[in-house]
Amino acid sequence: MKNLKLLLMLSLVLILSFALAACTDDSNVDPESDSADGGEESSGDTEGGEGGEGGEGGEGGDLVISEMSDVVSLDPHGNNDVPSSNVRSNIYDTLTVLDENMEVQPGLATEWEQVDDNTWEFTLKEGVMFHDGTEFNAEAVEANLKRITDPAMASPRMFLYEMITDVEPVDDYTVEITTEYPFAPLLAHLAHDAGGMLSKDVIDADYEQALSDSGEEMTLEEYYELRDNGGEEHEEVANAISENMGQHAAENAIGTGPFKVQSRAAGEEVVLERNDDYHEEPVALDTVTFKVVPETAARIAELETGDSHVAGAVESNNMERVDSHEETYLDNTESLSLSYIGFNMEKEPLDDPLVRQAISHAIDREAIIDGVYDGVGIPAQGPLAPDVFGYDESVEGLSYDMDRAKELMAEAGYEDGFSLEIWTNDSPQRIDTAVYLQESLKELNIELNVEQLEWGAYLERTAQGEHDMFVLGWSTVTGDADYGMYPLFHSEMHGDPGNRSFMSNDEVDALLEEGRQETDPEARQEIYSEAQEMLVDIAPMAYIHHQNYLTGVRTEVQNFEVDALGIYQLDEVTIGE
């Protein structure tokens, strides 16, 4: 009986998804563009490393990767999304890196010492050059960290480094970083894609352009002095130039990484070329092209014909097709990610926790995993994946219970139901998840209309709080609960940084702030366990599952890997015959 019910449900999802794709009625779906996300909002993400010599013995060559969506920005201090990070991680290096066990390793910083609870001293690698020929040094580190924490930049990634109060070059290759409070995950945060080192010359030019375009009659040196002093005057100027910040940097992606930008055609492709002056052994590949191919069938067809060597975001229902083809194989990597359905807690009736709990109880996660994701992934009880520090297996989420859902709706005074919209990007599996929920919530007399948006517009509009409900993902790229919870649930993180549920709760804020400042691992675990327990009742989102990253690869591609953050590892890739 259960199997029959599931079969009927899957058939319904399939039928509705076809109808959804063909429909032009705004009450169901409003396709705005042909690009999509292909991953989580968050990006973790990193680094160049050693590779082989290019151009010999079948090495070298031009690797083509077909992706579901275009990058949002090549500025490392810009948007917080996986598609952008997959490109940027090859352009920029970070001070530290995370290995396959999520352990911190040296990057552009060769060693470090914690001078006191709030002070770290980093020794930098010498002889490292940016793609523009300028030298990487302590001043470049200062310029990058002060830029990402400058309110003028208004970076959605600022939360990663907002505890930093000072960055002081000690000499050319030594830099001292001071934090407002002891911050345990600092070394992991410096390995994040947001910590990618951008040329100081580009940063200076970016500020100069922003000051000029904003009509501010102030030299760069005057602005930097104003920024260091802080205060109301800096706040006024920062607000004035904020809209124009990042424009020059996005067009001049100059890092120290193993690849540099050759060209970009917005909405079509980004082409990277090997950096022959890389501070480690240069990579083998001559170029890497990240090509935007929104349709899954088209990406797989390109993979099969050899027009692409790698196909990202392979939906689970295509696993067998990719794996059984004689010239392709499927890379199946477990992740630290979360897929979820978010609620806008500032909109009625979703401002009522009973309503949010009811909807959460109406979601059969197992049915979604089996029917939409073909059994790939594990159900999520909360925001953290099992391998993330701070995860508590004893916390029980809001499991599927339609009777309890109906009771909660009646208790909230919504027994007769209401109408809502749920937004998703172009990802077929997210669309199918939304369609599943559309059908399931009919039992609660909730009429749910599904609207589909292009990835960039989707991020922008959900950041502005225009939505009711939405389907999205989050990857805990540092492997630490701070990153997996602070941006999603702290009241200061509304919108772009991650809190698209617009949750505000003083008790949770206090716990998340305490978790950031506590250095004892056992005490931190207790803090995050308490926060996870509170989130069950608050129900800011319905946690769906922790997914696997499915990537199609041609058999002639050697040494290609995807890490637990969803980032392609291209350092040692070669293309054989």
Side-chain angles (χ1 to χ4, degrees), residues 40-42 159 185 336-347 349-363 365 368 378-401 404-405 408 412 437 462 465 467-476 478-495 497-518 523-547:
E40 286 66 58
E41 175 194 353
S42 162
F159 71 90
L336 299 181
S337 71
L338 166 75
S339 69
Y340 68 91
I341 295 169
F343 307 114
N344 187 339
M345 295 174 59
E346 292 186 338
K347 283 193 173 183
L350 297 172
D351 59 344
D352 189 332
L354 298 180
V355 171
R356 300 193 299 270
Q357 291 172 25
I359 294 174
S360 295
H361 276 302
I363 300 172
R365 290 151 184 81
I368 292 176
I378 60 174
Q381 297 296 319
L384 304 180
D387 290 337
V388 173
F389 172 81
Y391 169 79
D392 189 339
E393 62 180 5
S394 68
V395 175
E396 296 184 6
L398 300 174
S399 59
Y400 179 58
D401 187 340
R404 178 57 181 154
L408 288 165
L437 192 61
T462 52
H467 57 287
D468 295 332
M469 296 169 60
F470 62 104
V471 188
L472 199 54
W474 186 263
S475 183
T476 305
T478 63
D480 188 276
D482 176 73
Y483 191 90
M485 298 180 71
Y486 190 91
L488 289 180
F489 305 117
H490 196 282
S491 60
E492 292 184 359
M493 297 291 103
H494 285 177
N499 187 352
R500 297 170 194 270
S501 298
F502 291 84
M503 171 177 157
S504 297
N505 183 285
D506 291 342
E507 291 181 69
V508 173
D509 281 356
L511 286 171
L512 297 180
E513 290 163 11
E514 187 180 356
R516 295 196 123 192
Q517 301 178 38
E518 178 60 62
R524 291 189 78 220
Q525 179 63 65
E526 291 179 6
I527 291 167
Y528 288 119
S529 292
E530 184 178 352
Q532 288 168 78
E533 289 282 5
M534 291 187 65
L535 288 172
V536 174
D537 291 332
I538 297 170
M541 57 178 64
Y543 317 103
I544 304 301
H545 84 318
H546 305 296
Q547 69 186 59

Exercise for the section: Check the pair Lys347, Asn344 against side-chain contact (heavy atoms from CB on, under 4.5 Å), reporting the backbone distance first and the verdict last. Expected result: CA-CA 6 Å; Lys347 283 193 173 183; Asn344 187 339; 3.9 Å; yes
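- The pair Asp480-Arg524 counts as a salt bridge, with a side-chain nitrogen and a carboxylate oxygen less than 4.0 angstrom apart.
- Remark: Ser475 OG to Tyr483 OH distance equals 7.5 Å, nearest 0.5 Å.
- Across all their heavy atoms, Ser360 and Ala539 have their closest contact at OG-CB, 4.5 Å.
- Although no hydrogens or angles enter the test, the distance criterion places a donor-acceptor pair under 3.5 Å between the side chain of His361 and the main chain of Ser399.
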Exercise for the section: Give the C-alpha distance, both sets of side-chain angles, the deciding distance and a yes or no for side-chain contact (heavy atoms from CB on, under 4.5 Å) between Leu338 and His546. Expected result: CA-CA 5 Å; Leu338 166 75; His546 305 296; 4.0 Å; yes
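- Ring geometry for Phe389 versus Tyr528: interplanar angle over 60°, hence perpendicular rather than tilted (30 to 60°).
- Side-chain N or O atoms of Gln357 include none that pairs as donor or acceptor with a backbone N or O of Leu398 at under 3.5 Å.
- Around atom CD of Glu533, more than 12 heavy atoms belonging to other residues, nucleotides or ligands sit under 6.0 Å away.
- For the pair Arg365 and Ile363, the tightest heavy-atom approach, listed with the atom from each and the gap, is NH1-O, 2.9 Å.
- Between Met469 and Ile341 the shortest side-chain heavy-atom distance falls below 4.5 Å.
- Between Tyr543 and Leu535 there is a side-chain heavy-atom pair separated by less than 4.5 Å.
- Minimum heavy-atom separation, Asn499 to His490: ND2-O, 2.9 Å.
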Practice task
Please step through ring pair (Phe, Tyr, Trp, His ring centres under 6.0 Å) for the pair Phe343 and Phe470, ending with a clear verdict.
Solution key: CA-CA 7 Å; Phe343 307 114; Phe470 62 104; 8.6 Å; no
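- Between Gly498 and Leu488, the shortest heavy-atom distance links the atoms O-CD2, 3.5 Å.
- Considering all non-hydrogen atoms of both residues, Trp474 and Pro487 come closest at CZ2-CG, 3.3 Å.
- Between the side chains of Ser339 and His545, a donor-acceptor pair is found at a separation under 3.5 Å.
- With rounding to the nearest 0.5 Å, the separation of CG in Leu512 from OH in Tyr486 is 7.5 Å.
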Practice task
Run the numbers on Glu346 and His494 for side-chain contact (heavy atoms from CB on, under 4.5 Å), then give the verdict.
Solution key: CA-CA 11 Å; Glu346 292 186 338; His494 285 177; 4.0 Å; yes
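- Proximity of a side-chain donor or acceptor of Ser501 to a complementary backbone N or O of Pro540 within less than 3.5 Å is detected.
- Between the CZ atom in Phe159 and the CE atom in Met493 there is a gap of 7.0 Å [rounded to 0.5 Å].
- Here the side chain of Gln381 pairs a donor or acceptor atom with the backbone of Gly397 at under 3.5 angstrom.
- Side chain of Gln532 to backbone of Gly390: a donor-acceptor contact under 3.5 angstrom is found.
- In this structure the side chain of Met485 reaches within 4.5 angstrom of the side chain of Leu384, judged on heavy atoms.
- Taking the side chain as every heavy atom from C-beta outward, Leu511 and Met534 approach each other to under 4.5 Å.
- Side chains of Thr478 and Pro185 form no contact here, defined as non-hydrogen atoms less than 4.5 Å apart.
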Exercise for the section: Go through the steps to decide whether Leu408 and Val355 satisfy the test side-chain contact (heavy atoms from CB on, under 4.5 Å), and finish with yes or no. Expected result: CA-CA 7 Å; Leu408 288 165; Val355 171; over 6 Å; no
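- Counting heavy atoms from C-beta on, the side chains of Ile527 and Glu514 come closer than 4.5 Å.
- Note: Ile368 CD1 to Tyr400 OH = 10.5 Å, rounded to the nearest 0.5 Å.
- For the residue pair Ile378 and Pro386, the shortest heavy atom distance occurs at CD1-CG, 3.8 Å.
- Side-chain atoms of Arg356 do not come within 3.5 Å of backbone N or O of Met541 as any donor-acceptor pair.
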